[in-house]
Amino acid sequence: MAADLKTPLISSSNSNPQLVITVDDHLGVQESSYNNQETYTNDECWNLNNSQVGFDQNPYGFIGSNGFEVPGSSTVDPFRNHTPRIEGVYEWIKVVVCLPLALVRLVLFGLCLCIGYVATKSALNGWKDKQNPMPKWRCRVMWITRLCTRGILFSFGYHWIKRKGKPVPREIAPILVSNHVSYIDPIFFFYELFPTIVASESHDSMPFVGTIIRAMQVIYVNRFSHQSRKHAVNEIKRKASSDRFPRLLLFPEGTTTNGRLLINFQHGAFIPGYPIQPVVVRYPHVHFDQSWGHISLGRLMFRMFTQFHNFMEIEYLPVVSPSEHHKESAIRFAEKTGSAMARALNVVQTSHSFVDYMILSKAADSGQENPSLFVVEMAKIHQLFHLSSSDALDFLDRFLAMNPDSSGTVNFQDFSRVLRLKACNLSHKMFEFIDVSKSGKVTFKEFLVGSAHVLNQPLFRRACEVAFSESDIDEDCYISMQELGASLMPAMGSLSDDEVHGLFTLFDGDGDGWISKGDFVNCLRRNPLLVALFSSHFLHNDSDPNASGGLLEDMV
């Protein structure tokens, strides 16, 4: 049988009996036939074929989809601060009593910050050779800043800090990794160890903070740039391999959590393969959760200023080394380190990631009542579908445009409005395909996993290319509005000018009035569910009544 993708799966000829191949949920194949004595129009033939080939429940079967399941989710929210507001008589009395003390602490904080900033500027003045370690005399000047950071910790109510264990010498473990609970963590480590850290590029522009972390010979990284991440790993290797540089400190979770669990580790600290000393940070409390969860920095600082004392514990754990018998993967090394830290904290490690926090923040900024409903455990999604962070956030933008209700779900009307779909049998089937719970509404996780599932099908890219070729009727390498309407008619029936215009606008990414192949493929990559609109190109073709196979043959 022909392997050409353009070859139809089912002939639309009504002059001969037709063989219909039905794909069930287990990719089993069964044969049936229908009476050829009746005649059908093209649209009727498509509807008949569509119902018989098993695509009535799965409009994406033509690209190899066999349906999907939504991975289960953890019931915990790792980013939630459990005391975002002042609650209880005791807390209100304490805040009122501590207000005069808070003013004194604020003055101490500002004084230490200013002195430390001036000392850091002096240490950095004239230093241009940033590729080599900071000269010793400049490091001695930085001791002023380090003492100032201890004053800052004192102003926040950390009058004493409990330590367990000790940091091992740098030559034994050049890299330390720690869980990340609050902005207090890096302040403490700056005072205690003065390490080199890995930080987001955005931190460089922060007032005061940007100057201080530059003195720590920071390794900047853009998490959305593969090249930047690769450069950061090379810098970690280079600085870890030389005793002339300070030891490195990384927060492999990539963001702060509430300390009640560990989230998935990023692998930058583990790729070089050097021994690592894990460190765990705890903030024991009864009334005030000190974690920098989804709470504003100003509110968190105010609560710290108005506590009698804030508790902090640091525990240095035994060194974790990669296996000596064989080269251990960074993933396995990270899992081994994460397990050691989870045991020390007596918590579990989940599949949440930094991207989940970004999703949570974006959902909150859009006005969602319960942004925690949008957290999807992105590390698990990435493992299953290799979906990038930027793609996940793009899907979130589309979902938020559908106006989710208070339960974080969208209905068919809003789904079809954003995707410019006419209410018809096919668009309903597209919605039902991702409505795995069959509730009549779709969650963000269902939308994300369903879109990623379609995007991840091995025939998706080829289907996009052939769909463009078939829609480009005059073969001028562009699709006009009239050509798009004609191409969509077999799947959706007759469309009004407004309906065609809405879809055309969606596909015409650069707004030049023509849909190029780049526009077409990019739109389907951003909205992979729309590929079902072109399924009719692969299910019948009037020009070749004897053709068969093609895409399904490739799939099998």
Side-chain angles (χ1 to χ4, degrees), residues 1-13 21 23 42-43 45-47 49-50 53 55 58-65 419-422 426-427 430 451 454-495 499-556:
M1 297 175 67
D4 182 4
L5 192 61
K6 290 187 180 182
T7 305
L9 300 184
I10 297 174
S11 170
S12 64
S13 170
I21 300 176
V23 182
N42 284 341
D43 285 351
C45 185
W46 156 240
N47 290 332
N49 290 338
N50 187 38
V53 229
F55 298 141
N58 183 359
Y60 302 96
F62 74 100
I63 58 171
S65 168
L419 294 183
R420 312 289 205 278
L421 296 174
K422 169 189 174 182
L426 178 60
S427 58
M430 291 165 63
S451 298
V454 172
L455 188 61
N456 205 45
Q457 293 305 302
L459 295 177
F460 177 81
R461 179 181 290 275
R462 291 187 64 196
C464 293
E465 294 173 352
V466 173
F468 177 82
S469 177
E470 292 292 323
S471 301
D472 179 19
I473 298 173
D474 59 9
E475 300 183 353
D476 64 348
C477 298
Y478 290 94
I479 298 175
S480 66
M481 192 178 304
Q482 291 75 17
E483 288 174 321
L484 181 66
S487 179
L488 295 175
M489 186 175 294
M492 303 187 73
S494 59
L495 298 170
E499 290 167 342
V500 175
H501 182 266
L503 279 164
F504 185 85
T505 302
L506 190 64
F507 277 90
D508 183 17
D510 54 13
D512 63 356
W514 297 91
I515 301 174
S516 67
K517 185 175 182 179
D519 291 336
F520 189 84
V521 173
N522 286 339
C523 180
L524 289 180
R525 279 193 56 81
R526 295 182 70 248
N527 305 278
L529 297 175
L530 293 182
V531 75
L533 301 182
F534 304 93
S535 56
S536 60
H537 293 307
F538 311 105
L539 295 175
H540 65 53
N541 188 326
D542 290 71
S543 63
D544 188 359
N546 299 313
S548 61
L551 190 57
L552 184 58
E553 184 181 63
D554 282 353
M555 179 186 73
V556 174

ask   = Given the rule in the side-chain contact (heavy atoms from CB on, under 4.5 Å) test, do Phe520 and Glu465 qualify, once you have shown the distances and angles that lead to the verdict?
value = CA-CA 9 Å; Phe520 189 84; Glu465 294 173 352; over 6 Å; no
query = Is there side-chain contact between Met489 and Leu495, with at least one heavy-atom pair below 4.5 Å?
reply = no
query = Once you round to the nearest 0.5 Å, how far does CD of Gln457 lie from CZ of Arg462?
reply = 14.0 Å
query = Mind checking whether Asn522 and Phe507 have side chains closer than 4.5 Å, heavy atoms only?
reply = no
request  = Using modelled atom types only, decide if a donor and an acceptor are shared between the side chain of Asp472 and the backbone of Asp476 within a distance under 3.5 Å.
outcome  = yes
inquiry  = Using the rule given for side-chain contact (heavy atoms from CB on, under 4.5 Å), can you reason through Met481 versus Asp508, listing the C-alpha separation, both sets of side-chain angles and the distance that settles it, and then say yes or no?
reply    = CA-CA 10 Å; Met481 192 178 304; Asp508 183 17; over 6 Å; no
ask   = Can you say whether the rings of Trp514 and Tyr478 are parallel (under 30°), tilted (30 to 60°) or perpendicular (over 60°)?
value = perpendicular
ask   = Which atom names give the shortest non-hydrogen contact between Leu426 and Ala532, and what distance separates them?
value = CD2-O, 3.7 Å
request  = Could you grab the distance from atom OG of Ser471 to atom CG of Leu488, nearest 0.5 Å is fine?
outcome  = 7.0 Å
key: From OG (Ser469) to NZ (Lys517), nearest 0.5 Å   = 8.0 Å
key: Minimal non-hydrogen separation, Ser451 against Pro528, with atom names   = O-CG, 3.4 Å
key: Interatomic distance, Ile473 atom CD1 to Ser480 atom OG [nearest 0.5 angstrom]   = 7.5 Å
request  = Write down the atom of Asp512, the atom of Asp510, and the distance for their closest heavy-atom approach.
outcome  = OD1-OD1, 2.9 Å
message = Minimum heavy-atom separation for Phe468 and Cys477, please, with both atom names.
response = CZ-O, 3.4 Å
key: Full working for side-chain contact (heavy atoms from CB on, under 4.5 Å) between Leu421 and Leu530   = CA-CA 9 Å; Leu421 296 174; Leu530 293 182; 3.7 Å; yes
request  = Answer yes or no: is there a side-chain heavy-atom contact under 4.5 Å between Tyr60 and Leu529?
outcome  = yes
ask   = NZ of Lys422 to CG of Leu503: how many Å apart, nearest 0.5 Å?
value = 11.5 Å
ask   = Is there a side-chain contact between Phe460 and Leu524 (heavy atoms, below 4.5 Å)?
value = yes
key: Heavy-atom pair with the smallest gap, counting every atom of Ile63 and Ala463   = CG2-CB, 3.7 Å
request  = Work out which heavy atom in Ala486 is nearest to a heavy atom in Pro490; give both atom names and the distance.
outcome  = O-CD, 3.4 Å
task = Hey, could you give me the CD1/OG distance between Ile479 and Ser516, rounded to the nearest 0.5 Å?
result = 9.0 Å
inquiry  = Checking the side chain of Asn527 only, and the main-chain atoms of Leu419 only, is there a donor and an acceptor separated by less than 3.5 Å?
reply    = no
